[in-house]
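Data first, discussion second: the structure below is written as structure tokens.
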Amino acid sequence: MNDIDGSDRHLKTEDAPPPSLLTIVLDTNPHAWAHLSSTLSLSAALANILIFINAHLASGNANEVAVIASHSHRTSFLYPTKLATSAKQKGDTNGDVDMNGGGSDTAHDDSPNKYRPFAVVESAILQNFAKLLSETNESHLAATPTTLIGGALSLALTYISKSALLHAPVTSGSENSMAALADAENSHVDRVALTSRILIVSVSGDLANQYIPVMNSIFAAQRRKIPIDILKLAGDTVLLQQASDATGGVYMKPDRPEGLLQYLMMAYLPDATARASLVVPSAGGVDFRAACFCHRNVVDIGYVCSVCLSIFCNPSLPDNLCLTCGSYLSLRAALTNPPALIPKKKKKKRKAGADSATPGGSTPAESSTPLHP
């Protein structure tokens with residue numbers, strides 16, 4: 001019928017790139033930012049990140065963003081914010097975030113000179129960040145000098161999974177059977193899937209005390225094909241290098257942290273669709289060492305549980321029981337019978353003028369192979 005009247009009634013999906021969800025995990029560890037304050041302050045870094053978020057939202061009308069703060073004692077959503085108390089009473093949200101990008105009591109500046117979606121995101125992030133700092137006291141800072149990056153990754157993966165379900169391609173039939181009979185070609189609607197990625201802006205040092213939750217998050221992101229990008233402004237950690245390498249993300253440790261905005265725009269603005277046509281920076285040599293489960297130290301050689309594959313740096317375990325699964329291990333035998341190491345063979349040095357006598361050389365001309373009758 002379409003060939004007769006010359007019309008095309010098929011529903012066509014847009015040729016534009018699919019919508020992209022950018023989840024930013026911002027390390028807000030006060031101890032780390034205090035050491036970095038002379039080079040890059042937290043307020044300046046947050047201002048640069050807001051510009052980067054606006055650039056991501058401007059790249060596509062359907063693009064989305066989520067910002068999670070990884071603090072010293074808790075993890076919190078900076079955007080989107082939690083639902084209002086009245087909304088909680090009406091439904092069973094249990095303090096969930098608003099998936100539509102709204103918030104509780106977030107007020108933004110309705111300035112005619114600012115794009116409204118930019119103003120909504122900016123005001124929500126600034127208000128929630130100020131609330132997070134106001135709720136942090138000295139006892140929280142004295143409890144631990146590190147950051148809860150494992151919990152922030154878990155929140156990011158949970159939000160991405162929920163957003164992916166809302167954007168999952170579905171086939172919905174028309175409710176009106178007469179309309180379906182009249183135009184059966186329009187009885188289904190194709191929804192474009194959501195592409196997601198995680199960007200971690202880290203300033204903390206060693207994260208070996210969170211080896212298990214971080215590795216579990218890495219495996220979950222690798223299974224869901226979610227790239228984890230790492231921007232290391234200060235410190236150095238093995239886990240984040242492994243996270244970027246395992247998930248196919250971008251890892252950078254800039255020499256000049258004050259150029260944060262330039263690094264964000266040039267290396268982290270392209271999504272997974274655009275990176276297929278670009279040459280992205282890589283981490284280079286990745287340290288694949290693991291952290292032991294007993295002292296959280298990064299080790300080269302350790303002892304592995306044969307049941308749960310937990311790694312220990314010392315075979316002297318209490319009651320010879322694995323600290324993870326409780327299985328009995330016979331690791332004390334390693335103290336009395338250490339593994340034997342085969343020494344390397346020493347190569348003999350060649351003497352000067354003895355090249356002709358080396359084995360495997362050419363046969364002298366005067367000698368001949370005897371012939372058997």
Side-chain angles (χ1 to χ4, degrees), residues 22-53 56 67-72 75 78 144-157 197-211 213-215 217-218 221-222 226-270 272 275 279-291 296-298:
L22 173 62
T23 305
I24 300 177
V25 176
L26 177 59
D27 185 0
T28 58
N29 183 12
H31 297 278
W33 281 106
H35 292 286
L36 195 62
S37 59
S38 59
T39 305
L40 178 66
S41 62
L42 180 56
S43 59
L46 187 59
N48 293 335
I49 292 175
L50 290 176
I51 298 175
F52 170 69
I53 290 175
H56 169 73
V67 183
I68 301 174
S70 176
H71 210 52
S72 57
T75 59
L78 299 183
T144 175
T146 184
T147 180
L148 298 178
I149 196 68
L153 279 176
S154 300
L155 279 181
L157 292 173
R197 55 194 173 107
I198 300 176
L199 172 60
I200 301 178
V201 181
S202 175
V203 294
S204 299
D206 190 17
L207 301 175
N209 58 341
Q210 304 181 50
Y211 179 79
V214 171
M215 290 303 298
S217 300
I218 293 174
Q222 187 180 21
I226 300 174
I228 299 180
D229 300 332
I230 308 297
L231 180 56
K232 205 74 179 68
L233 296 179
D236 193 10
T237 176
V238 176
L239 292 180
L240 297 184
Q241 292 183 9
Q242 297 177 3
S244 175
D245 181 76
T247 58
V250 177
Y251 181 90
M252 289 189 65
K253 186 179 180 181
D255 298 331
R256 301 177 62 88
E258 58 271 17
L260 172 61
L261 182 59
Q262 183 176 359
Y263 291 110
L264 290 174
M265 290 295 189
M266 301 302 296
Y268 298 99
L269 184 59
R275 290 177 186 178
V279 178
V280 296
S282 60
V286 181
D287 191 353
F288 292 100
R289 292 182 299 171
R296 309 302 181 190
N297 296 326
V298 179

So, the side chain of Y263 versus the backbone of E258: is there a donor-acceptor pair under 3.5 Å, distance only?
no
Over 12 non-hydrogen atoms of neighbours within 6.0 angstrom of CD in Q262:
no
Do P30 and S72 have side-chain heavy atoms sitting under 4.5 Å apart?
yes
Over 12 non-hydrogen atoms of neighbours within 6.0 angstrom of CE in M265:
yes
For the pair M252 and M266, evaluate side-chain contact (heavy atoms from CB on, under 4.5 Å) and give the outcome as yes or no after the intermediate values.
CA-CA 12 Å; M252 289 189 65; M266 301 302 296; over 6 Å; no
Reported CZ-to-CG distance for the pair R256 and L233, which is rounded to 0.5 angstrom:
13.5 Å
What distance separates I226 CD1 from T247 OG1, expressed to the nearest 0.5 Å?
9.5 Å
Across all chains, not counting sequence neighbours, the side-chain contact (heavy atoms from CB on, under 4.5 Å) partners of S204 are D27, N29, A32, T147, L207
Is any side-chain heavy atom of L155 less than 4.5 Å from a side-chain heavy atom of V25?
no
State the CG-CD1 distance between L78 and I24, to the nearest 0.5 angstrom.
10.0 Å
Between OG on residue S244 and CD1 on residue I218, distance to nearest 0.5 Å:
9.5 Å
Does the side-chain contact (heavy atoms from CB on, under 4.5 Å) test come out yes or no for D245 and Y251, once each step is laid out?
CA-CA 8 Å; D245 181 76; Y251 181 90; over 6 Å; no
Using side-chain contact (heavy atoms from CB on, under 4.5 Å) as the criterion, list what pairs up with A272, not counting sequence neighbours.
none
Closest non-hydrogen atoms of L231 and P254, given as atom of the first, atom of the second and distance, are CD1-CD, 3.9 Å
Quick one: does any side-chain atom of R197 pair with a main-chain N or O of G249 as donor and acceptor, under 3.5 Å?
no
Shortest non-hydrogen pair, T23 vs A156, comes out as CG2-CB, 3.6 Å
So, taking the atom named CG in L22 and the one named CG in D229, what distance separates them when rounded to the nearest 0.5 Å?
8.5 Å
Side-chain donor or acceptor of K232 paired with backbone N/O of I200 under 3.5 Å:
no
Report yes if some heavy atom in the side chain of I230 is under 4.5 Å from a heavy atom in the side chain of Q241; otherwise report no.
no
For H56, which residues count as a ring pair (Phe, Tyr, Trp, His ring centres under 6.0 Å) partner, sequence neighbours excluded?
none
Tell me the closest heavy-atom pair linking L157 and A221, and the distance in Å.
CD2-CB, 4.0 Å
Report the residues that fulfil ring pair (Phe, Tyr, Trp, His ring centres under 6.0 Å) with F52, sequence neighbours left out, ordered by chain and then residue number.
none
Who are the side-chain contact (heavy atoms from CB on, under 4.5 Å) partners of S43, not counting sequence neighbours?
S41
Enumerate the residue pairs fulfilling side chain to side chain donor-acceptor pair (under 3.5 Å) with a member in residues 31-40, sequence neighbours excluded, ordered by first and then second residue.
none
I'd like to know if the side chain of Q242 reaches the main chain of R289, judged simply by a donor and an acceptor atom lying under 3.5 Å from each other, with no hydrogens or angles considered.
yes
Residue pair L199, L264: steps toward the side-chain contact (heavy atoms from CB on, under 4.5 Å) verdict:
CA-CA 10 Å; L199 172 60; L264 290 174; 4.0 Å; yes
Check the pair H71, L148 against side-chain contact (heavy atoms from CB on, under 4.5 Å), reporting the backbone distance first and the verdict last.
CA-CA 6 Å; H71 210 52; L148 298 178; over 6 Å; no
From CG (L26) to CG (L42), nearest 0.5 Å
6.5 Å
Check G150 against P213 and note the closest heavy-atom contact, atom names and distance.
CA-CB, 4.5 Å
If we only count heavy atoms from C-beta on, is the L240 to S202 side-chain gap below 4.5 Å?
yes
